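This one's a predicted model, so the numbers in the text were calculated from it and none came from an experiment. Letters go in sequence order (proteins before strands), and every chain restarts at 1. All heavy atoms count here, side chains included; hydrogens, waters and symmetry mates do not.
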There are 2 protein chains.
Amino acid sequence: MKGIRQLAEHLDISIGTVSRALNGKPDVNEETRKRVLAAAEQLGYVANQSGRSLRQGTTNVIGLMIQSSRETVENSDNFFLTVTGGLQSVFSRHKLDLVMLPCPHDEDPYEYLKRMVARRIVDALIISETQRVDKRFDLLAKTKIPFVALGRSLSDGNASWIDLDFDGVVNSAVDRLVAHGHRRIAISAPSSDINLGFVFVEGYRRALERHGIIHDPALVIRAKSSEQGGYQVADELLRLEDRPTAVILIYELMAIGFYRRVMESGIIPGRDIAVVGFREAPRAKFLQPPLTCFRTSLHDLGVELAEILLSGMPAYSEEYPGKTRQTIWPLELMPGESDAFELGTKK
Amino acid sequence: MKGIRQLAEHLDISIGTVSRALNGKPDVNEETRKRVLAAAEQLGYVANQSGRSLRQGTTNVIGLMIQSSRETVENSDNFFLTVTGGLQSVFSRHKLDLVMLPCPHDEDPYEYLKRMVARRIVDALIISETQRVDKRFDLLAKTKIPFVALGRSLSDGNASWIDLDFDGVVNSAVDRLVAHGHRRIAISAPSSDINLGFVFVEGYRRALERHGIIHDPALVIRAKSSEQGGYQVADELLRLEDRPTAVILIYELMAIGFYRRVMESGIIPGRDIAVVGFREAPRAKFLQPPLTCFRTSLHDLGVELAEILLSGMPAYSEEYPGKTRQTIWPLELMPGESDAFELGTKK
DNA sequence: CTGAAAGCGCTTACAG
DNA sequence: CTGAAAGCGCTTACAG
């Protein structure tokens, strides 16, 4: 089966009627519509997307740009695949397909995005891994293509985004640690310019301040967001002359490497050092002692992300009224045993 | 900047000439070409893909279909993101863009693929997570769209594929364990119908046979391919009356849960039970004792996959001559300490 | 309710 | 070397 012309010939009616029947337009005889649908099904006809897109000016495809930078590849821990499920559950209601657009390592994300936008492969975009300063916001705003960011940025220009509640996490972690008697609390931060690192560290500083603890820059350890990075964080902490009694780790996987390194030195998390992880991950469940961390539903995050995006697209906006365009996504504390001791009572 | 028409008007030449200049056709005055390229750059003009595709009958996009089944989400461990890097390094040479097509959980992969093919969003496809019987091969063969599979299948119909050397891994693992005195060797297998599970278990049986060991079906434990699955495998093994002395795990993440469960019973891998893992993963490096496993370059696998695909596309085949269309991808043994003891010498 | 026709934005024979 | 025109496969006003 080639195109709509062949299908129309086969049915001995005009292509216009075939098109209307297939697209569920009114003013088509029910009998005719049935014949058309049956023939299309039988001959496996589906409209060529290029033809449709050209005519309608819309592709019915939404793009999710991911960086797959080496750092992310190591740690994203299928973050995106889970979010994707949530996105699709919304998009499928509108017959929108989701494609993931992986920006190659060796290509500049800005140039890559520019190309994707210009080619008009997608109707709307979701960008992720937002940087502190991220020119992609300006680009997308300028081209007027609907988009939403997974992650905030100084460059957001009042555009839509949704972001994890890093501030809430770090506040909760600091409160908890201070309540257990800790004053020297270290924190890990990503080595890249990804904005969440700044948000995380800023929240940490404010939380310390709130408790009247003086911030010591030496306690902010930059490392890759992977097991290896966690190992390195532990290594650096162990070398500090005035060693912290607690640490807050960003990214779930770091805990694995961190545990390993401190244990090599005979230091037990939850007894000799307090550890609070970030997002709950399957891996974390298998750490001993169990890691105190934060839970959230990435599927639901995807749903929200999709709805915010659609609320900004004229064709769908009325179905998603009153969406807040900038949302902080909450996480819930899951107390483990990795920070369950009172400072001073440790032997 | 809207379309080629506006650009042509701005330059006061015909759209035909603009198109030829932009597409690097010969027979364009160098002076004219420069003017066109400069104007396009300045005005940010890039050809609308729908227009091009419709005219040329090609989209210059390659699709990688991924299932993101719940099982995969948990364990794929960024397998795909790494392979993607290799794919892109080849495609980018031909100005082909790669998009990932995630099939939603609740949609039948066959129907999803059918839709993607019919819409002609991509010129060629890579499918993954091949099932033992996988109708997608027939579908793609019938529609004559170029494709290659990441994973073999009984349904391959002589189509192109590349697959990890499961047989080689399991042979090497069994040989090693037998050399250390083991005779009761268990193996884990995926709980789904993914073909690699069958290949793995069949290889295991033949390897045992080669050593004159009678195969005990009770030693093939089916479980999800995740940490949780590894935990469960250990749990089931511990319950066997005639407990195996060694186990071969499929999927890298299982080792984490496996270690945890046996250690809960005071059983130490590499001392009380021999463990051989599958693909080397960052996580595995942080297990103690270090896991014996197998290393391979997923980036290079992606390169090979891309080349096999292009060798089957008329427009590119002459640049990739003599490609073997069905390839077993090797893995290299990385000896750890998790199986480093002689049976009988354990205390 | 249906058909004939226009036109979306491109590329590419064909003339000149 | 350049321009005018056809046509890729659709959808959608417009007639009837």
Side-chain angles (χ1 to χ4, degrees), chain A residues 1-37 39-40 43-61 95 115 117-123 143 145 315, chain B residues 1-37 39-40 43-61 95 115 117-123 143 145 315:
Chain A
M1 173 53 44
K2 286 282 303 296
I4 197 172
R5 190 138 266 135
Q6 283 72 13
L7 181 58
E9 263 170 32
H10 175 259
L11 286 162
D12 204 27
I13 55 179
S14 75
I15 61 167
T17 301
V18 171
S19 173
R20 282 189 292 268
L22 251 24
N23 289 299
K25 301 282 174 184
D27 285 359
V28 176
N29 183 302
E30 261 321 304
E31 179 63 26
T32 310
R33 188 191 302 278
K34 270 188 199 145
R35 279 182 61 219
V36 172
L37 290 176
L43 299 171
Y45 171 79
V46 177
N48 176 309
Q49 189 59 39
S50 298
R52 293 195 92 179
S53 299
L54 192 55
R55 172 63 226 235
Q56 302 196 116
T58 144
T59 62
N60 296 313
V61 177
K95 304 220 173 202
R115 207 171 80 234
V117 168
R119 290 180 64 184
R120 311 210 160 253
I121 270 178
V122 297
D123 292 341
T143 60
I145 189 170
Chain B
M1 173 54 44
K2 285 280 304 298
I4 196 171
R5 189 138 267 133
Q6 283 72 13
L7 181 57
E9 264 170 31
H10 174 259
L11 286 161
D12 204 26
I13 56 179
S14 75
I15 60 167
T17 300
V18 171
S19 173
R20 280 190 293 267
L22 251 23
N23 289 299
K25 301 281 174 185
D27 286 359
V28 176
N29 184 302
E30 263 320 304
E31 179 62 26
T32 310
R33 189 192 304 278
K34 270 188 199 144
R35 279 183 60 220
V36 172
L37 289 175
L43 299 171
Y45 170 80
V46 177
N48 176 309
Q49 190 58 38
S50 298
R52 292 194 93 180
S53 299
L54 193 55
R55 173 63 227 234
Q56 301 198 117
T58 142
T59 62
N60 296 313
V61 176
K95 306 218 170 201
R115 205 171 82 234
V117 168
R119 290 180 65 184
R120 307 206 165 258
I121 272 178
V122 298
D123 291 342
T143 60
I145 189 171

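Heavy atoms only, all atoms of each residue included: B/Pro26 and B/Arg33 are closest at CA-NH2, 4.3 Å. Counting all heavy atoms, side chain and backbone alike, B/Gln56 lies closest to B/Asn60 at NE2-ND2, 4.2 Å.
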Which dot-bracket string fits DNA chain C when only Watson-Crick or G-U wobble pairs with both atom distances under 3.5 Å count, crossing pairs get [ ], and | stands for a partner on a different strand?
|||.||||||||.|||
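Between C/dT2 and A/Thr32, a contact under 4.0 Å exists linking OP1 or OP2 to a side-chain N or O. For D/dG3, the OP1/OP2 oxygens have a side-chain nitrogen or oxygen of B/Thr17 closer than 4.0 Å. At C/dT11, one or more side-chain N or O atoms of B/Arg52 fall inside 4.0 Å of OP1 or OP2 (strictly under the cut-off). Regarding contacts with the backbone of D/dT12, a side-chain N or O of A/Lys25 is found under 4.0 angstrom from either OP1 or OP2. For the pair B/Ser14 and D/dG3, the criterion of a side-chain N or O lying under 4.0 Å from OP1 or OP2 is met.
With respect to A/Val18, the side-chain contact (heavy atoms from CB on, under 4.5 Å) criterion is satisfied by exactly one of A/Thr32, A/Val36, A/Val28, A/Asn23: A/Val36.
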Could you walk me through whether B/Ser14 and B/Thr17 satisfy the side-chain contact (heavy atoms from CB on, under 4.5 Å) test, starting with their C-alpha distance in whole Å, then the side-chain angles of each, then the deciding distance to 0.1 Å, before giving a yes or no?
CA-CA 6 Å; B/Ser14 75; B/Thr17 300; 3.2 Å; yes
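Interface remark: the A/Arg120 side chain does not form any donor-acceptor pair with the C/dG9 base, using a distance-only criterion of under 3.5 Å.
Both B/Asn48 and B/Arg20 lie close to DNA chain C; mapped to their nearest nucleotides by heavy-atom distance, the more 5′-ward contact belongs to B/Asn48.
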